[in-house]
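Protein chains get the first letters and strands the later ones, always in sequence-line order, with residue 1 at the start of each.
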Amino acid sequence: MSDPTVFNFIINSLKVAGAPHTVIQNELIMAECQVNVPRTFFTPARVETQSLQIVCDPALLEKYPGSELVTRGSYRLQWFVEGIQKRGLIFRGAYLYELDYRRVEREINLRLPPERPLFFYKQPLLKYQPHLLVNFKVILETDEKFEELYSLSINLIDGTISSNLMAELATKKISPQLPKKHLEKKKIPYSEGFQALYNHLTWLLKNHDPQWIEAAKDRWKEEVSYLEEYFKEDEAENSSKDGFYRRMAEIYRKFRPVIRIDIVNVALLYLPFITYTLEAWGSSKELPPIHYDPVKQRIQWAI
Amino acid sequence: METSPHATLSKPEPERALPDFSPVFQSGNAFSEFLLRMRRKEWDSWEAFLLHHQGIELTLSHGFEDLLVISHLQEHWRKNGFVLYPHQIETVKKVISEMRGRAILADEVGLGKTIEAAMILKEYMLRGLVKRFLILTPAALCRQWEAELREKFEIHTLIANREWEWANYDQIIASLDTAKKECHRNEILKNYYDMVIVDEAHKLKSDKTQNFQFVNSIQKKYFLLLSATPLQNDLKELFNMISLLRPGQLGSYRNFKKNYIADKRKPKNAGELKSLLSGVMIRNKHGAHIGFTKRNVQNIPIVLSPMEREMYDRTTDFIRRCLKNGPAGMSALPLLTLQREICSSTFAAVLTLYKLAHKILMDEAQQQEAVSLLKLAQQIKNNAKMAVVEELIRKTPEKVIIFTEFLATQSYIRTRLEQAGFLTLAFDGSLSASKKEFTKYQFKEFPQYRVLVCTESGGEGINLQFCNTMINYDLPWNPMRLEQRIGRIHRLGQTRDVYVYNLSIKDTVEEHLLRLLDEKVKMFHTVIGESERVIGKLCRGKSLEARIMELVFQADSHESLSRGFERLGQEIEAMINEDTPDWEELL
């Protein structure tokens, strides 16, 4: 069965790379890609055009003879992934928000509790706050290996860390153009922001389900029990002791858990943030301003 | 947790303190790299950003449920017509998921141990668990490994033989003999290898050898030993190999001996031992489930020309007389060689006759006889066998491999074929590994080369399954070598039926030998692999080769030689039929 994720990924990669391509009946991708052919002893380095005819469903190989099957794990998918890894490393952009007072007020009202104080909305203040979004690849390695992706972001004004910004932005239209006005200057430097994210990730990983470590430890114990059995007989002999400790070190190195953190890519995003000052209705009591985050669609009373 | 099955055999040990198992954190690429890009304003599009993330997500590794190597290389294999067999996939899965990357791959010859090992290696490489590896093989197989890994698995390796290469390259193939030399050994032992593979690992069967000690000292994570014959002479050898791989799998040697050895060739508690072995060893055997093509064997009797007959009879007489009345101190080896040479061709016998004619130890009459035989041999310009060979080559449109044991015969065959208009190539032990590889390439790719003439040592370990026709110009007295010859073309990956033509001269040792192999050993009739088991049985005790030599020595006439072979045949039959439990049931 065709894997739509792989199919769409290939089409999007071709679009991003600007490679001419045609999709036939949503089944076959025909494309022409420029590939760098490295220098050999006989030929200089050059760029060649490679014609690709791709299907993502094994059942379609017969229908489109000469096609290449691309599935998860296939060499060609890896080829596309490696190609795209040179792109999209850093991004800067904004979620441009058109301030429609009525809509915003309606959205805020919807989110306020019924027993809220009565107030008038005064003139809102729209600002774009900088967020540093970092995607991490985490590799959990013993004698086995598991990989996970983490996406963390930090608000560079107030230092709030969030783990779902990437998902929240997936459906939004993000522009590479920054708004001309209302850009707030960051209060936290990038390096500190990154360090905070890294620390947060480390904290998350320390609280990660330890099952993978326990399983490795069990395997290690089993190996050690075999090793002890083998060397027990000659324990008096110093020569074999060397062998025992060398083997122990070898086994420990094989099973010891290692967590490797790689940064996948980084985005600097300016996201809208609306502040309303409020005027209480029928009361002299002053109300604090209310903040509205249109991306997360969340309100917050300023303290 | 699974515990050692030997735990009950020993008194409990005080629990060893657990080392630190809290995870070590490592950072890959530093944020500063990204910061630099941000300062340079190398911004990309949002689509590229999302796609980059999605690409990584698509290639994440989630444990060992599925083999990546198959989906990764399926297109490459499809284009190159490489077929994977179910037993190979099962083996790879088992080694990775159950044996944790430490195993003895002990498949019978021709079932693709190299392919299995290469798949395991590639699987670990694709998962990022192996970056640095070392493959140790006999020198003659280095090139073959290099080519197999490159062509079938897109793994590019270096065949290392210089000191500085060990530290500077991560993907290395080396001959075991080179690697264990003092200067190389020191460099290798400094490194940590994610994977070590040892081909023809039966060379590590004794723990006292330099080979064993050296491989044992290499620091490694995953470890594969490849051998079609993990058990040759002694159960201790098996213990050593397993202990090299996973010390303690069979307990200590004292316990192993006590629990599992009846005598050095006969196991005790075979069922239990077999179950322990299955934890580290996989042995796939030939059978109907493995897709071998048909092996068609034709024995062609050759009648010698009168001159050749005279030469053969006189030489055989001469050998018998020399063996009986030969001077003390004279080795029987040249005479035996002469007997084998004269079965091959008169040309092969010339050099030995020349040497015998000039041997000081020979008495004058014998020297005269040798000179006279030499003169007779020089008068014979053609051998009857060659006419049959030419006819066979003319009849078949296929490329043909001819095997002989002797260089002089090889040279004669080539000369005659070239005269007949056939372009030939030669494989012999003197060729360097790269020259062999090039010759194989020429033979495979260029249609004008119809015939490859190989000597035994030249063809060792070389896979020629693109070819399906073979002529055994002469027959080795060791049946294992004959099986290995046929195994060059009749192995997994051979897509067509195989044709083997055995030439044997009537009324000679060769005729008796061929009858013995055909009718008693059933070398050409049994299910593929069955003959190996029979040969395995024959190889215990005195080898068949030695028995044949004995017969040749003792026979004083053709009739007595016939009787001797008949007796040997009966012995072999009895040996094959005897049903004593032995170590074969372990494998």
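Neither the backbone nor the side chain of Leu197(A) has a heavy atom closer than 4.5 Å to any heavy atom of chain B. Of the atoms belonging to Thr202(A), heavy atoms from both backbone and side chain fall under 4.5 Å from chain B. In this structure, chain B has no heavy atom under 4.5 Å from any part of Ile10(A). Residue Glu141(A) touches chain B through its side chain alone, counting heavy-atom pairs closer than 4.5 Å. Only the side chain of Tyr252(A) has a heavy atom closer than 4.5 Å to any heavy atom of chain B. Proximity to chain B involves both the backbone and the side chain of Asp143(A), based on heavy atoms less than 4.5 angstrom apart. Neither the backbone nor the side chain of Leu140(A) comes within less than 4.5 Å of any heavy atom of chain B. The contact between Gln74(B) and chain A is made entirely by side chain atoms (from C-beta outward), counting heavy-atom distances below 4.5 Å. Looking at Lys145(A), the atoms closer than 4.5 Å to chain B (heavy atoms on both sides) sit in the backbone and in the side chain alike. Residue Leu201(A): no heavy atom, backbone or side chain, is found under 4.5 Å from chain B. For Glu82(A), no part lies near chain B; criterion is any non-hydrogen pair under 4.5 Å.
When every heavy atom of Ser252(B) is checked against every heavy atom of Tyr230(A), the shortest pair comes out as CB-O, 4.1 Å. Between Leu50(B) and Met166(A) the shortest heavy-atom distance is CD2-CE, 3.6 Å. Looking at every heavy atom in both residues, Asp44(B) comes nearest to Gly88(A) through OD2-N, 2.8 Å. Glu75(B) approaches Leu69(A) most closely through the heavy-atom pair OE2-N, 3.0 Å. Scanning all heavy atoms of the two residues, the minimum distance from Tyr190(A) to Leu35(B) falls at CB-CD1, 3.5 Å. Tyr192(B) approaches Glu250(A) most closely through the heavy-atom pair OH-O, 4.4 Å.
In this structure, Arg246(B) forms a cation-pi arrangement with Tyr226(A), its terminal cationic atom sitting closer than 6.0 Å to the ring centre and no more than 45° off the ring axis. In this structure, Arg256(A) fails the cation-pi test against Phe21(B), since its NZ or CZ atom is not both closer than 6.0 Å to the six-membered ring centre and inside 45 degrees of the ring normal.
Note: Gln54(B) leads Glu57(B), Glu47(B), Gln54(B) in heavy-atom pairs under 4.5 Å with chain A.
A side chain to side chain contact (heavy atoms under 4.5 Å, CB included) with His52(B) is found for exactly one of Asn135(A), Val16(A), Val81(A), Leu89(A), namely Leu89(A).
Residues Glu144(A) and Arg127(B) are not paired through a salt bridge, judged by the lack of any N-O separation under 4.0 Å between the basic side chain and the carboxylate. Between Arg100(B) and Glu222(A), at least one side-chain nitrogen of the basic residue sits less than 4.0 Å from a carboxylate oxygen of the acidic one, meeting the salt-bridge criterion.
Classification of the Phe91(A)-Trp46(B) ring pair by plane angle, with boundaries at 30° and 60°, yields tilted.
Remark: the Asn255(B) side chain and the Glu229(A) side chain contain an N/O donor-acceptor pair separated by less than 3.5 Å. Ser27(B) and Tyr198(A) share a side-chain donor-acceptor pair at under 3.5 Å.
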